[in-house]
Amino acid sequence: MAASAPAEWTPKIVAFFCNWCSYAGADLAGTSRLSYPESVRIVRVPCSGRVNPQFILRAFLDGADGVLVGGCHPADCHYSTGNLFARRRLMVARRFLAYLGIDPRRLEIRWMSASEGQKFAEVVREMTEAIRALGPAPGVRRGY
Amino acid sequence: MAEVQEAVRAAVRRLLEEGAVGTVLAHQDGFDPLHPVPLFARRPDQADRVEVGPFDAGSLAKYLLRLQGEEKPVAVVARGCEVRGIQRLAADHRVDRSRLQVIGVPCRGSLDARKVEALGLGPVGAVREEAEEVVLHLEDGERRLPRRDFLLSRCLTCDARNPEDADQVVGEPVDATPYQAIDYGEVDRLEAMPPEERASFWQDQFSRCLRCYACRNVCPACSCAMCALESEEPRWLSRGTGPADQEMYHFIRATHVAGRCIDCHECERVCPQEIPLMLLNHKLLRDVETLFRLEAAHHPAVHEPLGFYQPDDPDEFH
């Protein structure tokens, strides 16, 4: 595929999805035959509380153009409070990643329940368009 | 300060003579008075080597980890910032406060040896303190330095000049008002940059990093027995010093102490490459304080802001 043709360029988005909500939501989008961009690569995690901010940086350093984190709506966590810890941690991490120079528009954190297949498809669509407008992440695969 | 030093030596001698503690941790002169090194006094006669002076920049807190598990309790001569470090380590269950005697010393700030060395004065023989001046004895006479101009960056904003948690305090309490508030000017400047410019600023800074791990080793908030920076599985970073590894190293170091940093500036002080690590720590400190409506989050008594949550925390993720 011609990577040089900008119109055809599809960003790589790494998604960390909670097993109990957004992962099932993405599954629902599939079984509901909703179409969404193929830009997203989903990594299933047990809870948004499992998402170590280092995962996000690692994804960017390894060449992701965007990172999407999906968790249960507050008060809906399968483990009661995992997403509430995640909320604090990711609020700080998001600002810190931006401070280190990662464009904040490349990182989305969204609450998506298992029934929100539609929302999942929309979020991926919006994010793909936004990142396509930004272009490939600068400084990706910066080498070790 | 000379009287305080004598009183501290007497207190150290007494503890060791009584056998109440096995080891006393304090400062002693290094190769010159500008560069003190730690003293692990185990015999009463070693008490005379204890120095309490204006160049005691290094924090002794982290050395206490080496003394955990000793047969007898341990004592430490500590200023307010070191006491904060000890409180941090105790809160992290790394230091057993019940087996530790703290000899607190009020402090008006330590001098930055780098700032003094920059004057190019040659060998310094002895140091004495006079009110607002520090007097250096040089080969060709004396040199008087106004204390305020040569303070360490942490001492300018210190709000712990009188030790908060000491078993005994030697010396008179000092005026506890900080000289100035934490200066976020440089953090503001960075935040205002476009992302690419900020990325290149940090890549330039991190590219100088030697990965000596001194910033981690000195940090009282950074004491895990199994450290992510050395973990083989998962392997967060290699031992190389390429830009990705450097960024990951500094990201891990800074975020792991987010909300736990005591603002002692030790990481920045020990950095042989003078990387402005406090710009990372201050960014995190200010974000934690503003996002979660906290005051003085650098105080170890403040419940770790990232170790708990409030149901009504602000939510920006919808």
Side-chain angles (χ1 to χ4, degrees), chain A residues 22 48-49 52-63 68-75 77 80-112 116 119 123 134-135 137-144, chain B residues 187 190-191 193-203 205-206 228 231 234-252 254-256 258-259 279-288 290-292 304-318:
Chain A
S22 6
S48 54
N52 186 330
Q54 288 153 223
F55 293 175
I56 301 172
L57 179 60
R58 178 87 280 156
F60 280 120
L61 292 177
D62 283 353
L68 170 62
V69 178
C72 303
H73 290 272
C77 178
S80 304
T81 58
N83 55 356
L84 300 179
F85 286 102
R87 180 164 66 182
R88 280 205 166 197
R89 194 182 305 142
L90 293 174
M91 277 171 79
V92 173
R94 197 169 77 95
R95 287 165 174 76
F96 194 60
L97 286 163
Y99 189 65
L100 292 180
I102 290 173
D103 193 319
R105 292 170 290 184
R106 296 184 183 275
L107 173 60
E108 279 284 345
I109 300 151
R110 303 297 288 268
W111 308 132
M112 287 180 271
E116 290 177 316
K119 179 172 179 181
V123 166
L134 290 174
V140 292
R141 297 197 183 281
R142 282 179 271 202
Y144 293 86
Chain B
V187 177
L190 279 169
E191 282 180 343
M193 284 180 183
E196 318 81 64
E197 215 175 299
R198 231 169 13 231
S200 76
F201 170 85
W202 284 116
Q203 277 165 32
Q205 295 292 342
F206 296 157
S231 156
R235 190 169 190 148
W236 292 106
L237 67 169
S238 80
R239 303 212 169 134
T241 51
D245 280 326
Q246 300 293 48
E247 185 160 359
M248 186 54 98
Y249 175 88
H250 288 281
F251 181 79
I252 294 176
T255 53
H256 284 205
L279 288 181
L280 301 174
N281 296 339
H282 278 157
K283 162 71 178 163
L284 289 164
L285 175 64
R286 185 165 69 171
D287 278 354
V288 160
T290 50
L291 288 171
F292 311 126
E304 275 182 42
L306 296 182
F308 80 121
Y309 64 88
Q310 295 287 357
D312 63 343
D313 275 337
D315 198 324
E316 60 190 18
F317 299 143
H318 54 274

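The figures that follow rest on heavy atoms only: side chains count, while hydrogens, waters and symmetry mates do not. Just so we're clear, the structure is a prediction, and the values are computed from it rather than from any experiment. Quick note on labels: first sequence line is chain A, next is B, and so on, each numbered from 1.
- The two atoms that bring Met91(A) and Leu291(B) nearest to each other are CE-CD2, 3.6 Å, heavy atoms only.
- With a threshold of 4.5 angstrom between heavy atoms, Phe206(B) approaches chain A through side-chain atoms but not through N, CA, C or O.
- Atoms OG1 and CZ, from Thr255(B) and Phe96(A) in turn, are 6.5 Å apart once rounded to the nearest 0.5 Å.
- Heavy-atom distances place no part of Gln246(B) under 4.5 Å from chain A, backbone and side chain included.
- In this structure, the separation between OH on Tyr99(A) and CZ on Arg198(B) is 8.5 Å, given to the nearest 0.5 Å.
- Nearest heavy-atom pair across Leu61(A) and Ala244(B) is CD1-O, 3.4 Å.
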Next item on the list: List the steps, then state whether side chain to side chain contact (heavy atoms under 4.5 Å, CB included) holds for Phe317(B) with Glu108(A).
Entry: CA-CA 8 Å; Phe317(B) 299 143; Glu108(A) 279 284 345; over 6 Å; no

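- In terms of heavy-atom pairs under 4.5 Å with chain A, the best-connected choice from Leu279(B), Leu237(B), Val288(B) is Leu279(B).
- Scored by the side-chain hydrogen bond (donor to acceptor under 3.5 Å, both in side chains) test, Asn52(A) finds no partners at all (sequence neighbours excluded).
- For Thr81(A), the side chain to side chain contact (heavy atoms under 4.5 Å, CB included) criterion is met by Phe85(A), Tyr309(B), not counting sequence neighbours.
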Check: side chain to side chain contact (heavy atoms under 4.5 Å, CB included) between Phe292(B) and Val92(A): does it pass, once the steps are laid out?
Finding: CA-CA 10 Å; Phe292(B) 311 126; Val92(A) 173; 3.8 Å; yes

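- For the pair Arg88(A) (side chain) and Pro305(B) (backbone), a donor-acceptor distance under 3.5 Å is present.
- Rounded to the nearest 0.5 angstrom, His250(B) NE2 and Leu57(A) CG are separated by 12.5 Å.
- In summary, Arg87(A) and Glu316(B) do not engage in a salt bridge, as defined by a charged side-chain N under 4.0 Å from a carboxylate O.
- Here Ala98(A) is the residue among Ala98(A), Ala75(A), Gly71(A), Pro74(A) with the most heavy-atom pairs under 4.5 Å with chain B.
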Note to self: Before you tell me yes or no, could you show the steps for Phe251(B) and Leu100(A) under side chain to side chain contact (heavy atoms under 4.5 Å, CB included), namely the whole-Å CA-CA distance, both residues' side-chain angles and the distance that decides it to 0.1 Å?
What the structure shows: CA-CA 9 Å; Phe251(B) 181 79; Leu100(A) 292 180; 3.7 Å; yes

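- With a threshold of 4.5 angstrom between heavy atoms, Asp287(B) approaches chain A through side-chain atoms but not through N, CA, C or O.
- Listed options Pro195(B), Ala254(B), Pro194(B), Pro234(B) were ranked by heavy-atom pairs under 4.5 angstrom with chain A; first place goes to Pro195(B).
- Considering only heavy atoms from C-beta on, His256(B) comes within 4.5 Å of Gln54(A) through its side chain.
- Annotation: the span from Phe60(A) atom CZ to Met248(B) atom CE amounts to 11.5 Å, rounded to 0.5 Å.
- The contact between Pro53(A) and chain B is made by backbone and side chain atoms together, counting heavy-atom distances below 4.5 Å.
- Annotation: the span from Glu191(B) atom CD to Arg95(A) atom CZ amounts to 9.5 Å, rounded to 0.5 Å.
- The minimum heavy-atom distance between Trp236(B) and Arg58(A), with the atom names listed, is O-NH1, 2.6 Å.
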